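Model, not experiment: these values are computed from the prediction. Start at 1 and go down the list; that is how both ligands and their atoms are numbered.
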Amino acid sequence: MNTPACRICGGPLTPFLDLGRQPLSDAFVDPGQKTEEFFYDLVVAVCGSCTMVQLVNEVPRDRMFHADYPYHSSGSSRMREHFEQTARDILASRLQHPEAFLVEIGCNDGVMLATIAGAGVRHLGVDPSAGVLEVAREKQVRVMNDFFEESTAKEIAASDGPADVIYAANTICHIPYLDSVLRGVDALLSDDGVFIFEDPYFGAILEQVSFDQIYDEHFYLFSARSVQMMVRRFGFDLVDVELLGVHGGEVRYTIARAGVREPAASVASLVKSENERGLADLEVLHAFAQRVEQNRDELVALLTDLRDAGHRVVGYGATAKSATVANYCGLGPHLVEFITDTTPAKQNRLTPGSGIPIRDHAAFRDAAVDHAVLFAWNHADEIMAKESEFRDRGGRWIRYVPHVHIT
Ligand code: SAH
Ligand code: TMP
Ligand code: ZN
């Protein structure tokens, strides 16, 4: 087999983790569905030249992002607050002049842009998923139903002029063709503008063994060092990094045209700490892969024991992340009776690949379940606060990040 090549720099990729055959993580199955599910091999690799961690196999983008894309960002109150605060910070720091213009890549249901629109600031949200954009439009958010890439960026620049801020959350890591995106940013960003994006942090994934952050949509697992090397290839500098507590640990990267802004001290300090931690060292990556296997074995053993002892186990949160866990660990309705999720578009469907039914919250309240696997572990605080009754009646949470345990 030929050595696969890095999607960013063409350098040699070394695979270090094989999570097996996986379905599309957000393709919840209608029980009456006649068409076969789509599967691909989920293999993670590191580039020997630019350190970028990435998937070896790319899923065609139209299979993932389309009119029925089920993820709605506003499903978590913590995330609603996070994006409202983000919008207010950006408004105050960068969008004070009357002609200011912000473009969001992957605006989803308008969770961030609603605040920008409410402030009367010029903006445009770009997203290929038509269904979520309907919700954004109801919030008076101006949208463009398309994939952001070089051609769409040039169209926006021609119709609206340069953007002071280009913003994206949990979207840039979803895009294999970042060369086109960064040429688009170059075409659209004003001379002293900033491109701000936040995504799951590979350093946090390693530390917490949160291997379920790895799935089709998360094509890249960024670090400060790999982002810095990537943006330099396109005439930009990484000028700031900020660690965020959301989604299990993210980093917000701020990019500017090369030479325009002095990088903050936080950049060099995070890159240094990544080098010390060996974020791109094969030895460290292989040790991570071993811990992933160990977590899988422990989770399967625990769920099997609980079932054999007659317990009723369900899942909480039909996350995209749970597709990786369920399919890698071979979970199915024989081990997890159903998964509860508040998203209407996921309810009464089956989890991709693993066929676990998804039920609404009433089903969770009604059923005499005694254990729940917390697939939405990144929203743990919010969920624990709201589910105190489950705990009070003796219910137990099964966690697998950072290690398998019952709480
Ligand atoms: N920003 C939101 C949504 C994240 S989900 C949040 O943080 O919660 C990822 C979103 O990116 C989806 O709505 C998907 O449709 C969109 N997306 C995927 N590829 C894209 C592209 N090339 N350009 C713009 N949006 C894209
Ligand atoms: P996410 O981890 O990708 O944000 O997905 C979280 C999923 O969990 C999403 O489908 C919504 C669901 N969810 C619930 O069902 N109940 C909750 O209280 C929260 C916070 C999320
Ligand atoms: Zn590379």
Side-chain angles (χ1 to χ4, degrees), residues 5-13 25-26 28 45-54 61-62 64-67 69-80 82-83 86 103-113 125-133 136 144-149 152-153 167-178 180-181 184 197-200 212-213 215 217-219 226 229-230 233 246-248 250 280 315-322 339-343 345-347 358 360-361 364 374-387:
C6 173
R7 203 67 171 73
I8 301 295
C9 79
L13 288 183
S25 59
D26 266 318
F28 295 91
V46 63
C47 174
S49 299
C50 77
T51 77
M52 184 63 82
V53 176
Q54 59 202 277
R61 63 186 190 179
D62 308 280
M64 298 187 280
F65 310 114
H66 44 67
Y69 182 68
Y71 183 72
H72 286 245
S73 305
S74 298
S76 147
S77 63
R78 167 104 188 274
M79 293 314 297
R80 288 198 297 275
H82 170 77
F83 287 122
T86 299
V103 172
E104 182 176 5
I105 306 175
C107 66
N108 198 272
D109 63 6
V111 67
M112 198 288 285
L113 284 182
V126 187
D127 200 301
S129 301
V132 292
L133 287 187
M144 174 181 192
N145 183 202
D146 214 331
F147 289 94
F148 185 95
E149 56 192 325
T152 31
Y167 173 79
N170 307 298
T171 299
I172 296 307
C173 76
H174 291 49
I175 307 182
Y177 43 97
L178 284 184
S180 173
V181 168
F197 61 95
E198 55 197 66
D199 282 293
D212 57 347
Q213 290 284 14
Y215 52 91
E217 294 173 23
H218 287 179
F219 187 82
S226 63
M229 291 181 85
M230 170 176 74
R233 300 175 68 84
V246 295
H247 286 312
E250 301 208 323
Y316 201 107
T319 57
K321 293 183 285 295
S322 70
I339 300 180
T340 184
D341 196 288
T342 50
T343 314
K346 297 183 183 180
Q347 290 162 2
I358 300 164
D360 62 11
H361 192 257
F364 178 71
L374 189 60
F375 289 118
W377 55 265
N378 47 314
H379 303 296
D381 292 347
E382 179 175 346
I383 292 170
M384 297 297 161
K386 125 169 125 183
E387 299 298 351

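Polar contact with ligand 2: present for His379 (N/O pair, distance under 3.5 Å). Remark: ligand 1 and Phe83 share no N or O pair separated by less than 3.5 Å (distance only, no angle test). For the pair His174 and ligand 1, the shortest N or O to N or O distance does not fall below 3.5 Å. Considering backbone and side-chain N/O atoms, Asn170 comes within less than 3.5 Å of an N/O atom of ligand 1. At a 3.5 angstrom cut-off on N or O pairs, Ala169 counts as close to ligand 1. Backbone and side-chain nitrogen or oxygen atoms of Asn378 are examined, and one is located within less than 3.5 angstrom of a nitrogen or oxygen of ligand 2.
Near Lys346, the atoms of ligand 2 lying under 4.0 angstrom from a non-hydrogen atom of the residue are 9 (C), 10 (O). Listed by number with element, the atoms of ligand 2 under 4.0 Å from a non-hydrogen atom of Gly317 are 8 (O). Atom numbering of ligand 1 starts at 1 in the shown order; those under 4.0 Å from a heavy atom of Tyr177 are 22 (N). Of all the atoms in ligand 2, the ones that sit under 4.0 Å from a non-hydrogen atom of Tyr316 are 16 (N). Against a heavy-atom cut-off of under 4.0 Å, Thr319 is close to the following atoms of ligand 2: 2 (O), 5 (O), 6 (C), 7 (C).
Ring pair Tyr69/Tyr71 is perpendicular by interplanar angle, where above 60° counts as perpendicular and below 30° as parallel. Taking the six-membered ring where the residue is Trp, Phe65 and His174 present tilted rings, their angle falling between 30° and 60°.
When the heavy-atom distances from atom 10 (C) of ligand 1 to Thr171, Ile105, Leu133, Val132 are ranked, the shortest goes to Thr171. Comparing heavy-atom distances from atom 13 (O) of ligand 1 across Leu113, Asp127, Asp26 singles out Asp127 as nearest. Which of Pro176, Gly131, Pro128 comes nearest to atom 17 (N) of ligand 1 through a heavy atom is settled by distance: it is Pro128. Atom 10 (O) of ligand 2 has its nearest heavy-atom neighbour, among Thr340, Val246, Asp360, Asp341, in Asp341.
Remark: minimum distance from atom 14 (C) of ligand 2 to any protein heavy atom is reached at Thr342 OG1, 3.3 Å. The closest protein non-hydrogen atom to atom 17 (C) of ligand 2 is Lys386 NZ, 3.4 Å. Remark: minimum distance from atom 8 (O) of ligand 1 to any protein heavy atom is reached at Ser73 OG, 2.7 Å. Summary of contacts: the protein heavy atom closest to atom 3 (O) of ligand 2 is Tyr71 CE1, 3.4 Å.
A heavy-atom separation below 4.0 Å is not found between His72 and ligand 2. A heavy-atom separation below 4.0 Å is found between His247 and ligand 2. In this structure, Lys321 has a heavy atom closer than 4.0 Å to ligand 2.
With 3.5 Å as the limit, one finds a donor-acceptor pair spanning the side chains of Glu387 and Tyr316. Glu198 and His82 form a side-chain donor-acceptor contact under 3.5 Å, judged by distance and modelled atom types alone. A donor-acceptor contact closer than 3.5 angstrom is absent between the side chains of Asp146 and Thr152.
With the Zn ion (ligand 3) at the apex, Cys47 SG and Cys50 SG define an angle of roughly 110° (rounded to 10 degrees).
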